[in-house]
Amino acid sequence: HLGLRASRSDDVIFTDTPVPPSATDGLHAPASPVPMDPAFLAWNSLGLAALYLGVAAAARDWLVGFLGERTPSALGRPLATLPRFQTAVGEIEAALTGADDLVDALALRVDAGDESVAGHPAIAKLIATRAAIGAVGQAVELVGNNALTRKNPLERHYRDVLCARVHTPQDDSILSAAGRSALAAALSDTTTTTTTTGAS
């Protein structure tokens with residue numbers, strides 16, 4: 001709704017198209033839900049993280065080009081030569097690089113079958129999408145009115161990256177799950193310590 005205006009999400013209804021049971025996979029009775037495959041959940045989060053980091057990278061690239069070309073007459077040199085803009089672009093670069101590296105490292109661990117990172121991809125999605133939204137927002141602030149001009153792609157990148165907030169898993173559910181997991185682990189450690197102490 002905010003971006004990706006050309007995408008379609010229509011319902012596709014098949015009629016008179018029988019499908020033999022042998023050609024289906026993962027079907028189950030509505031009353032007996034099957035747990036989601038952990039690898040699927042991991043790749044859903046990592047894929048979304050990569051998508052929005054890509055949007056932010058495109059915005060960063062446009063920003064760098066704009067700052068290199070924009071030469072106010074009162075300044076007589078490109079905006080890219082000013083320390084303020086150099087530092088701001090450095091902040092954007094640091095945020096996106098850190099998020100990119102996190103997503104890449106987790107993807108390798110998921111591919112290797114590391115079960116210890118089961119809940120980490122959702123947290124990586126939160127970190128990456130916050131970095132992406134922050135980076136594009138900072139680019140918009142640096143550019144000013146030109147950032148919101150329809151002829152410049154930064155306006156579209158800003159709309160697109162905001163869609164990260166409504167893509168499942170959303171931040172509140174990620175944080176709730178992470179909090180429950182951390183508290184359960186702490187309680188488990190406390191119970192184990194108490195039991196061990198009592199036994200001794």
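None of these values were measured; they are calculated from a predicted model.
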* Please report the shortest heavy-atom distance between L96 and A131, naming the atom on each side. => CD2-O, 4.1 Å
* Is there a side-chain contact between I92 and V136, using heavy atoms and a 4.5 Å cut-off? -> no
* **Set of salt bridge (charged side-chain N to carboxylate O under 4.0 Å, His left out) partners for D114, sequence neighbours left out** => R109
* To do: Measure the shortest side-chain to side-chain distance between R130 and D171 over non-hydrogen atoms and say whether it is less than 4.5 angstrom.
  => yes
* Just how far is it from atom CG of N44 to atom CG of D37, taken to the nearest 0.5 Å? -> 11.5 Å
* Asked: Do L67 and P78 have side-chain heavy atoms sitting under 4.5 Å apart?
  -> no
* To do: Tell me, please, which residues at least two apart from T81 pass side chain to side chain donor-acceptor pair (under 3.5 Å).
  => R77
* Measuring from L126:CG to L48:CG, what's the distance to the nearest 0.5 Å? -> 12.5 Å
* L162 CG to T129 OG1 distance, which is reported to the nearest 0.5 Å -> 11.0 Å
* To do: State, with a plain yes or no, whether a side-chain heavy atom of Q138 is found less than 4.5 Å away from one of E91.
  => yes
* Asked: Which value, rounded to the nearest 0.5 Å, describes the distance between D160 atom CG and L51 atom CG?
  -> 8.5 Å
* Worked check of side chain to side chain contact (heavy atoms under 4.5 Å, CB included) between R84 and L142 -> CA-CA 10 Å; R84 168 180 172 247; L142 287 171; 4.1 Å; yes
* Structure fact -> Contacts of D111 meeting salt bridge (charged side-chain N to carboxylate O under 4.0 Å, His left out) (sequence neighbours excluded), chain-then-number -> none
* Decide side chain to side chain contact (heavy atoms under 4.5 Å, CB included) for R165 and I133; before the verdict, give the C-alpha distance in whole Å, the side-chain angles of both, and the deciding distance to 0.1 Å. => CA-CA 9 Å; R165 291 178 174 157; I133 291 169; 3.7 Å; yes
* Is there a side-chain contact between P121 and V110 (heavy atoms, below 4.5 Å)? -> yes
* Sequence-distant partners of F66, ring pair (Phe, Tyr, Trp, His ring centres under 6.0 Å), two or more places apart -> W62
* To do: Spell out, as yes or no, whether a donor-acceptor pair under 3.5 Å connects the side chain of N152 to the backbone of L154.
  => no
* Do S45 side-chain atoms and A42 backbone N/O form a donor-acceptor pair below 3.5 Å? -> no
* Hey, does I174 have a side-chain heavy atom less than 4.5 Å from the side chain of K125? -> yes
Tell me which donor-acceptor pairs under 3.5 Å the side chains of residues 176-183 have, and how far apart each pair is, sequence neighbours excluded?
from: S176; atom 1: OG; to: D172; atom 2: O; distance (Å): 2.9

* To do: Using salt bridge (charged side-chain N to carboxylate O under 4.0 Å, His left out) as the criterion, list what pairs up with E93, not counting sequence neighbours.
  => R60
* Distance from L75 atom CG to L82 atom CG, nearest 0.5 Å? -> 5.0 Å
* **Y52 side chain near C163 side chain, heavy-atom distance below 4.5 Å** => yes
